[in-house]
Structures are given as C-alpha cells and as structure tokens.
Amino acid sequence: MVVLNYINGKMQEAVSGLQLDNFEPATGNVYGHVADSDSADVQLAFEAANAAKSNWANTAAEEKFKWLNALADAIDADRENFAKAESRDQGKPLWLARNEMIRAAQNFRFFATAAMQFASESHAMENKAINYTLRQPVGVVGCISPWNLPLYLFSWKIAPALAAGNTVVAKPSEFTAATAHLLAETCIKIGFPAGVLNIVNGLGPKVGQAMVEHRGIKAISFTGGTSTGKHIAATAAPMFKKLSLELGGKNPNIIFDDADIEKALKTTINTSFLNQGEICLCGSRLLIHESIYDKVKNRIVEEAKKLKVGNPNNDDTRIGAIVSKPHFEKVLSYIELAKEEGGQILTGGAALNPEGCESGWFIEPTIIEGLGPKCRINTEEIFGPVISLLPFKDEEEALQLANATEYGLAATIWTENLTRAHRLAANLEFGIVWINCWLLRDLRTPFGGAKSSGVGREGGWEAMRFFTEPKNVCIALS
Ligand code: NAD
C-alpha cells in the first residue's frame, strides 16, 4: 500500500515525490510506503481548505449531519478491511482493531448529532439590552494525531472540527497512516465535498511543524507526547492560535483493601496491558494497599503470564507487536533501567519472537516491583506493556503517591467505600477519574489531562466550543 495525501478531493503524491518506508510491526518488514510531504503539501492542503471554508461553514447543520453519518456508515460497512489495515499497520490484535473501528464510526456519528444540537446562549439585561452569542467556525483548523489508536483518535478530532463548520488539514502519525488513507478513499467513494477534509502525510518535524507554523491554520488540535506538545505550544503561542493538547500520562491504578479484588484484577489486566500498554489511559503504576499487596501481586503476575503474545491475526492473541523499532527499543531500555534502579522483574522483561513473527517487535508483559515513587520507572511515561507495583499504607499515602508525577491524565480507584472514592476523586490531580471501572467512555464527557498531560478538553460540547469562536452581540432595547 502507498499512503498518499488527500487534497482537494484527490489522492496525490507528495510534491517532492519522496516516500517513507512503512513497516509492519509484527514482521519488522517494509510492506508499503507513505508520502513524505513537507510545507509545500501543507500549503496545497491549506489552499483547498481555505477555498472550501465558506461553503462548508454555511452548509446547513442537517447536511453536515448527513455527511458525517455517511462517513460513519461507510466505515461500518467496510469495518473488516479497516480493521485489518489498522492491525497490520499498528501491530495491535485484529480483534482489538475491530473494536476501534466501531468507535471511529461512532465518533463521526456522535458529532453528526452534535452538529444538529449545538446551540449558543443569550443573556438578557432586563429591559435594557439583550446579548446573544454567535459560535462561528474557527476557519481552517489543523488536527494532528498519534500512532497508538490511529483512526480512533484521528476521527475523534476531525469529526467535531467538521461538525462545527471548519475545514480541516489533518495529519496522522507517519507510523500508522493506513486507515487515514482508507478514510480518504472512503471520502472519494461517497462524494464527500472536496477541500473540506484534507490529509497530509509525513514526518512530524516537517508536516506537523509546517501546519503549526502556518498562519492561515487558526487552531491546532494535537494528541501526542508531552515534549512534542511543549514544542507545538512554543511555536503556536506567539501567533495566538487556539490549541488543544492531549499529551502523555503516568496513570495510577489504586486498589484498596476493601475493593472487590477479583473485579479489580479482571479490569487491571487490561488497564495494564491492553493494546500492548500503548494507550494514554493505561495505568502504569499499580498502587496496592499493603495488607493485600502480596495477594494482588501474585494474582496479577499469574494473569500476566497467561496473556498470549503473538501474531495480531490470531483470535487468542492478547498482546500484539510494539508499533515501531525505535519504540520497541525505548520500552526495552526502560526495562534495563528498572534493573539498574534496583527493581525486581516479577514476570516478563524480555523481547519475544513468536512463531510466524520471528522478526517482529514483541515484548512480554512486564511487572516490576521494589522501586520508589521518584525512580524514573515511576515518573516517566514508558508507553508499553510494563507496569510497576507500589504498596501504600493508607489513603493519605495513596493520594500522595498517585499525585507524585508531573502528569495528570487519568486515575483509577478500586474501593467499595464510596465516601473515600468521592474524597479521593476530588483530590486526585487528574483530568479523568474512574471508580471501580476503567476506559468506560461517554463521548459527551470532558476528556483530557491536567498538569503536563495537556491543555483543554475534548469530547461533547468541549470539542464543539474549541472548534468555534464565540462572538457576543449586544442589542439595546431602548
Ligand atoms: P508524538 O508526539 O511523537 O507524535 C504525535 C503526532 O505529532 C504525530 O503525528 C507526529 O508526526 C506529530 N509531530 C511530531 N513532531 C511534531 C512537530 N514538531 N510539530 C507538529 N507535529 C509533530 O507522539 P506519538 O509517539 O505518536 O504518540 C505517543 C504519545 O501520545 C504518548 O505520549 C501518549 O501518551 C500520547 N497520547 C495521548 C493521548 C491523550 O488523549 N492524552 C492519547 C493518545 C496518545
């Protein structure tokens, strides 16, 4: 497969004609190419989006609803093809990719209804005046997404941007652009209006940077690493661009002694290792009350050992391949660091060569103990199938440990004591708190992180507000 740019309704090569190799994580082999674009392609995409801007902004909400629904229906109708492409490109198990394609279609469907329901406020000043707020599209906006949940997160940005009446220049990760390419083909198939959505492929420092630097692109919605987010903020701030930054995490998963332990364990195995631990919401620090520490430790190790690592196409595979060679090496280097820092590896800790995928990038689910909260293993984002266990003696210490990180994306609490759960939820410095569940998502809720995990929120009206500019109009009544 050659992943091309989608500009003004057409698939095109990068202006330079250059291409990047595209690797299949399960085999380590090059299986296709991706357009290696630069600022010239971003300019073409901007011009197309700018030309389509006024028409799309003035398209009736009902029409926008129809187009976004048509995209959702087309993804649903072609789900297996999308899922296979996602799994091959990213390394995740095929069954998981199928679930993510359901969510990608849902993102379009959810924001199709938002286009119909979005409203603004009016403020009456008794008999003096009335104010009303216009919420107008920002214009041409940029959406930049990462490699871990490729189409799921790409559509999570594009859908609200379009629903709010903007035209879009979007960039998927250079590591996982296959499903964005299929989305572009889908747009052509259903006759989606040209120029409304444009997709430019290539490297972050070339394409992403050119988007952030482009004065005509008025807002950037970015999901990715914290250091990239910092760089984007520094570039965009002097231009006063609207920015939504969804960044990294080092999430705590806290199990109290009064929790329903079996229920907590059943979810915790996913919280720790789903999608090879490459979900920004994964709980990489497992905090366990000291009275149940050994029991929980033994059980989680036992469960982790059962997880089948291997060919993403097999139904019984729980852990697929790591997305890229550099990321594979990074995760392994953290396991080495854990040993250097004095940690004990309770299970896993090594790369694997599963049958049929001997040259792929696989890592065993790995559990580490014996490291304090200040160790790099417990403060830096690893973003792989690696968790660290820490005991705590009481609620106060649990809170202190949970908050002892620069990140603030998501926290999970397991307890049957509701008073404690609410008290902790209020004091945890995280944008998302799950109590007795994990990854239970209502698309209407604010989604995003505190501290170094980001700025702004996605989801529901938050996203619709981000992608619109409020304008107050005041009319005197006398
Ligand atoms: P990354 O920051 O390396 O890349 C993300 C995207 O930004 C890619 O498309 C990349 O090409 C682009 N990019 C890179 N440099 C750029 C630049 N200078 N200007 C503009 N764009 C640039 O992140 P990644 O490695 O692809 O993804 C993993 C990270 O994403 C992890 O830190 C993870 O926690 C985070 N993440 C966060 C959330 C969330 O909702 N908070 C969700 C998923 C992933």
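Start at 1 and go down the list; that is how both ligands and their atoms are numbered.
Remark: distances from the non-hydrogen atoms of G454 to ligand 1 are all 4.0 Å or more. Ligand 1 is approached by P172 to a heavy-atom distance shorter than 4.0 Å. Ligand 1 lies nowhere less than 4.0 angstrom from a heavy atom belonging to G449. Residue contacts with ligand 1 do not include F175, since none of its heavy atoms lies under 4.0 Å from the ligand.
In terms of polar-atom proximity, defined here as any N/O pair under 3.5 Å, L409 makes no such contact with ligand 1.
Within the 4.0 angstrom cut-off, atom 4 (O) of ligand 1 has no protein heavy-atom neighbours.
With respect to the salt-bridge test (charged N to carboxylate O, under 4.0 angstrom), the residues K218 and E469 do not qualify. E380 and K250 are not joined by a salt bridge, as no carboxylate oxygen comes within less than 4.0 angstrom of a charged side-chain nitrogen. In this structure, K189 does not pair ionically with E185, as no charged nitrogen and carboxylate oxygen lie closer than 4.0 Å. Ionic pairing of E406 and K451 is not present here: no N-O contact between side-chain nitrogen and carboxylate oxygen is shorter than 4.0 angstrom.
Residue, atom and distance of the protein heavy atom nearest to atom 21 (N) of ligand 1 are G208 CA, 3.5 Å. Protein heavy atom at the shortest distance from atom 15 (N) of ligand 1 is T228 CG2, 3.4 Å. Protein heavy atom nearest atom 7 (O) of ligand 1, with residue, atom name and distance: F222 CE1, 3.1 Å. For atom 28 (C) of ligand 1, the closest heavy atom belonging to the protein is F383 CE2, 3.6 Å. The shortest contact between atom 27 (O) of ligand 1 and any protein heavy atom is with P146 CB, 3.3 Å. What sits closest to atom 26 (O) of ligand 1 on the protein, heavy atoms only, is W147 CD1, 3.0 Å. Residue, atom and distance of the protein heavy atom nearest to atom 32 (O) of ligand 1 are E381 OE1, 2.6 Å. For atom 22 (C) of ligand 1, the closest non-hydrogen atom on the protein side is G204 CA, 3.5 Å.
Separation of atoms CE (M211) and NZ (K241) is listed at 8.5 Å; rounding is to 0.5 Å. Atom OG of residue S221 and atom CD of residue E246 lie 7.0 Å apart, to the nearest 0.5 angstrom. Of the inter-residue distances, the one linking F154 atom CZ with T179 atom OG1 reads 8.5 Å to the nearest 0.5 angstrom. Rounded to the nearest 0.5 Å, atoms CD1 (I322) and CZ (F362) are 9.0 Å apart.
Against a heavy-atom cut-off of under 4.0 Å, S173 is close to the following atoms of ligand 1: 9 (O). Atoms of ligand 1 found under 4.0 Å from any heavy atom of T223, numbered from 1 in the order shown, are 5 (C), 36 (N), 37 (C), 38 (C), 39 (C), 40 (O), 42 (C), 43 (C), 44 (C). Atom numbering of ligand 1 starts at 1 in the shown order; those under 4.0 Å from a heavy atom of Q209 are 17 (C), 18 (N), 19 (N), 20 (C). Atoms of ligand 1 lying under 4.0 Å from at least one heavy atom of G225, given by number and element, are 1 (P), 2 (O), 23 (O), 29 (C), 30 (O), 32 (O). Atoms of ligand 1 lying under 4.0 Å from at least one heavy atom of H231, given by number and element, are 18 (N). The contact set between ligand 1 and E174, taken as ligand atoms under 4.0 Å from a residue heavy atom, comprises 10 (C), 11 (O). The F447 neighbourhood of ligand 1 comprises atoms 40 (O), with distances under 4.0 Å to a heavy atom of that residue. Atoms of ligand 1 found under 4.0 Å from any heavy atom of S145 (numbered from 1 in listed order, with element): 6 (C), 8 (C), 9 (O).
Counting heavy atoms from C-beta outward, L281 and W434 have side chains that approach closer than 4.5 Å.
Heavy atoms from other residues, nucleotides or ligands lying under 6.0 Å from NZ of K339 number more than 12.
Applying salt bridge (charged side-chain N to carboxylate O under 4.0 Å, His left out) to K206 and the options D36, D38, D41 leaves one that passes, D36. Between K92 and the options E100, E86, E278, a salt bridge (charged side-chain N to carboxylate O under 4.0 Å, His left out) holds for only E100. Here the options are Q90, H327, R318, the test is side-chain contact (heavy atoms from CB on, under 4.5 Å), and the partner is Q276; only Q90 passes.
Atom 38 (C) of ligand 1 has its nearest heavy-atom neighbour, among C143, G142, G224, C280, in C280. Selection from T176, T226, N148, I144 by nearest heavy atom to atom 43 (C) of ligand 1 gives N148. Compare N201, L247, I382 by their heavy atoms: the one nearest to atom 37 (C) of ligand 1 is in L247.
In this pair, W361 and F23 present their aromatic rings tilted. The plane angle is within the 30 to 60° band. Using the six-membered ring where Trp is involved, F118 and W461 have ring planes that are tilted, between 30° and 60° apart.
Neither the backbone nor the side chain of I279 has any atom closer than 4.0 Å to an atom of ligand 1 (non-hydrogen atoms only).
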